[in-house]
Amino acid sequence: MNIVVCIKQVPDSTHIRVHPVTNTIMRQGVPAVINPYDLFAIEAALQIRDTHGGKVTVITMGPPPAAVALRKALAYGCDEAVLITDKIFSGADTLATSYVLASAIATLGKEQPVDLVFTGKQTIDGDTAQVGPGIAKRLNLELLTYVSKIVAVNREAGKIQVERRAEGGVQLLETRLPALITMLEGTNEIRFGSAPDMFRAARAEIRTWDRESAGIEDLKKVGLKGSPTVVSRVFGPTPRAEKAQQIAFDPAAPQAATDALLEKVLAEIPKVGKELERHKVEAGAGANHE
Amino acid sequence: MSNAKTDKPIKKRKVKLEGDLLNYKGVWVLVESERGHVHPVSWELMGQGRLLADQLGVELCGVVMGAPGPELQAQCEAAFAYGADRCYRVASPVLADYRNVPYTQALTDLVNQFKPEIMLLGATTLGRDLAGSVATTLKTGLTADCTELAIDPEDRCLLSTRPTFGGSLLCTIVTLNYRPQMATVRHRVMPMPEAQPERSGLIVDVDPHLVETDVITKILDFVPDDQSGKPQLPYAEMIVSGGKGLGKAENFKLVWDLAKTLGAEVGASRAAIHAGWIAADRQVGQTGKTVRPALYIAAGISGAIQHRVGMEASDCIIAINNDPSAPIFDFAHYAIVGDCVQVLPALRKTFAAYLGKP
Ligand SMILES: Cc1cc2nc3c(=O)[nH]c(=O)nc-3n(C[C@H](O)[C@H](O)[C@H](O)COP(=O)(O)OP(=O)(O)OC[C@H]3O[C@@H](n4cnc5c(N)ncnc54)[C@H](O)[C@@H]3O)c2cc1C
């Protein structure tokens, strides 16, 4: 199996801070990590390789420091890594991003045909869940989103069976390879890299591709220029017109405050009173009915 | 976006439509159905789509797709009741269950034929799968998980607002010279419109010319979810949510106790879930559930934008936080500045007395 996993390096969300005065995001000094959702894709790919043989190539589009994320993926056990980096890629929205990644995967496919492409369900910074479907459409791969389980892979027959999370249940799907899978979170647990993999990762060569080596054919489709959407405004959320009504709280008499609160709520927001009415215990009826 | 300042337009890019793009008219809403059941987000979008269409002075159209049968007729009628002027009914046995390729093909063809300027889908597993595929095929812009949709009166463009990474910012996104402008919106973000059963509209039947043997992906089985015992947060009318401010896992019991007295559902912030205090399916917010109960009680929750977008449509928000400058007090209706470990039991007693419970 020749498997490609697309990952993204993102700022660690637990360290993100917003500047209290200017309201700008402070990225300086924020550690970068592999997008947490992508770890499920990496692990699923590694498991298929371990059972069926072949190799896992991990790729990312990003600035040069994103090589760190690729090295981390190698330490988990991925076999090869490609960093796709070029100044003209910056400012890309999902359409432009999927174009670059699809071009790079097509280029990898010329070395050896690709059987499976994995992505995470979404990223934690963009959060759109659209790059996976975008790549699949561009490369004409069968698309399997929100996959919760790889049920069976039959390389000889060129087939794969998966369970896919739908709104009201789980679909069992069978399709043909090559396919693109976006892996659902919580479906596996990323392994600890083995010691040899960690040593190998530290020294491994990471191939670095620019627009040319990635096989980008149409420069108008990448970066800001290739993005149909633009951000027109960034702003802080507006406070409600009226400030929250403060209910004085004295720890010595806590229930005085909460009684006063309920009284106010009942007087001012009738909908709450109506809702509470449905939960009242009838006088003498005893047990409640929830 | 990392250096963008608040409330300054980044740089107004002129949208100038030319040629065929000028022919794109009307607002479309995908009526998402799975196994004959319409996802309620579709009707919420229909309500929002009505506002957009009225502002633009254009038609609101529903797109109904599925296997031929009376269900599609009923879905068209429901779409009219919720505000549609017209429905495109795309019927084929191949569309009986959702699969990416035939749905993408049918919807893409429909867009190319009838040219809407705006197309809205629910940010569900189906909607996100389909929207991403259709947008890529059409090479147009798509904004995911919007919390607000509006029309720019100057150039009639769709303004799609969504939370952006980093804690407390929102961004408004526009699609430049491409049509349709596509957006997905999550369930419960928009209010459910009132159905008007007497409304009617025009049904346009479209044959998608799909052939089962052309479709590679096959559905072997479908196992419906067992909903029993699962939290039903999106539909709950009362929710008590706990956050990191509870301090430790044991204190979450105070949230459960209050919820039990009220007959409310229990929710949580992501920080509380990350701490392992409660199951992930109770997360409220951008990456959890969106809720709009009559009563939302937030205990020890700071009110980060990702939490806020999931619950700010609640009719009554009571926030308990020991930090008087916590952001949640900017949008709560009632504020108790205090230790939630002290406030929650008192609140429980107050409600118990009122409801006649022990
Ligand atoms: C892409 C992305 C998606 C996200 N999605 C979500 C989401 O869906 N839902 C979500 O909730 N978060 C989400 N988050 C995380 C979000 O940004 C916040 O980190 C999170 O909501 C904080 O949770 P919290 O308020 O419980 O914790 P904290 O931010 O740690 O706040 C704890 C609060 O408790 C107060 N407190 C402390 N002690 C007490 C006490 N004894 N009594 C009363 N109050 C006390 C503190 O003053 C503070 O305000 C997301 C973040 C990102 C980057």
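So you know, we letter chains A, B, ... as the sequences are listed, proteins then strands, and number each from 1. The figures here come from the full heavy-atom set of this structure, side chains too, leaving out hydrogens, waters and symmetry mates.
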**Study point:** B/Y98 vs A/E167, side-chain hydrogen bond (donor to acceptor under 3.5 Å, both in side chains): CA-CA, chis, key distance, verdict
**Key:** CA-CA 11 Å; B/Y98 179 73; A/E167 272 321 289; over 6 Å; no
Contact part of [X] toward chain B, heavy-atom cut-off under 4.5 Å: side chain, backbone, both or neither?
X: A/I135; result: neither
X: A/D259; result: both
X: A/I247; result: both
X: A/Q171; result: both
X: A/K264; result: both
X: A/L276; result: both

**Study point:** Short N-O contact, A/R164 and B/D129, less than 4.0 angstrom
**Key:** yes
Exercise for review: Going by the side-chain contact (heavy atoms from CB on, under 4.5 Å) test, name the single residue among B/I320, B/V343, B/T350, B/I336 that passes it with A/L261.
Suggested key: B/I336
Taking the side chain as every heavy atom from C-beta outward, state whether [X] and [Y] have any atom pair closer than 4.5 Å.
X: B/L220; Y: A/Q161; result: yes
X: B/I219; Y: A/E174; result: no
X: A/T229; Y: B/L142; result: no

Distance, nearest 0.5 Å, that separates [atom1] of [X] from [atom2] of [Y]:
X: A/H279; Y: B/T261; atom1: NE2; atom2: OG1; answer: 12.0 Å
X: B/K218; Y: A/L172; atom1: NZ; atom2: CG; answer: 14.0 Å
X: B/K349; Y: A/Q255; atom1: NZ; atom2: CD; answer: 6.0 Å
X: B/Q286; Y: A/I124; atom1: CD; atom2: CD1; answer: 10.5 Å
X: B/I318; Y: A/I269; atom1: CD1; atom2: CD1; answer: 8.0 Å
X: B/T287; Y: A/Q122; atom1: OG1; atom2: CD; answer: 7.5 Å

Check your understanding: After noting the C-alpha distance and the side-chain angles of B/R128 and A/T145, does the key distance pass the side chain to side chain contact (heavy atoms under 4.5 Å, CB included) rule?
Key -> CA-CA 9 Å; B/R128 286 173 145 208; A/T145 51; over 6 Å; no
Practice item. Could you walk me through whether A/F249 and B/V337 pass side chain to side chain contact (heavy atoms under 4.5 Å, CB included), step by step? Key: CA-CA 7 Å; A/F249 181 76; B/V337 178; over 6 Å; no
Between [options], the one whose heavy-atom pairs under 4.5 Å with chain B are most numerous:
options: A/E268, A/K159, A/K274; answer: A/E268
options: A/V131, A/D93, A/V272; answer: A/V272
options: A/G169, A/A248, A/P133; answer: A/G169
options: A/G168, A/P254, A/A257; answer: A/G168

Exercise for review: Starting from the C-alpha separation in whole Å, work towards a yes-or-no answer on side chain to side chain contact (heavy atoms under 4.5 Å, CB included) for A/L95 and B/Y178.
Suggested key: CA-CA 12 Å; A/L95 195 73; B/Y178 304 84; 5.9 Å; no
Review point. So which of B/D145, B/N177, B/T104, B/D339 has the largest heavy-atom pair count under 4.5 angstrom toward chain A?
Key: B/T104
Exercise for review: Specify which of B/T184, B/T137, B/N100 makes the most heavy-atom pairs with chain A at under 4.5 Å.
Suggested key: B/N100
Check your understanding: Just wondering, more than 12 heavy atoms not from A/K225 lying within 6.0 Å of its NZ?
Key -> no
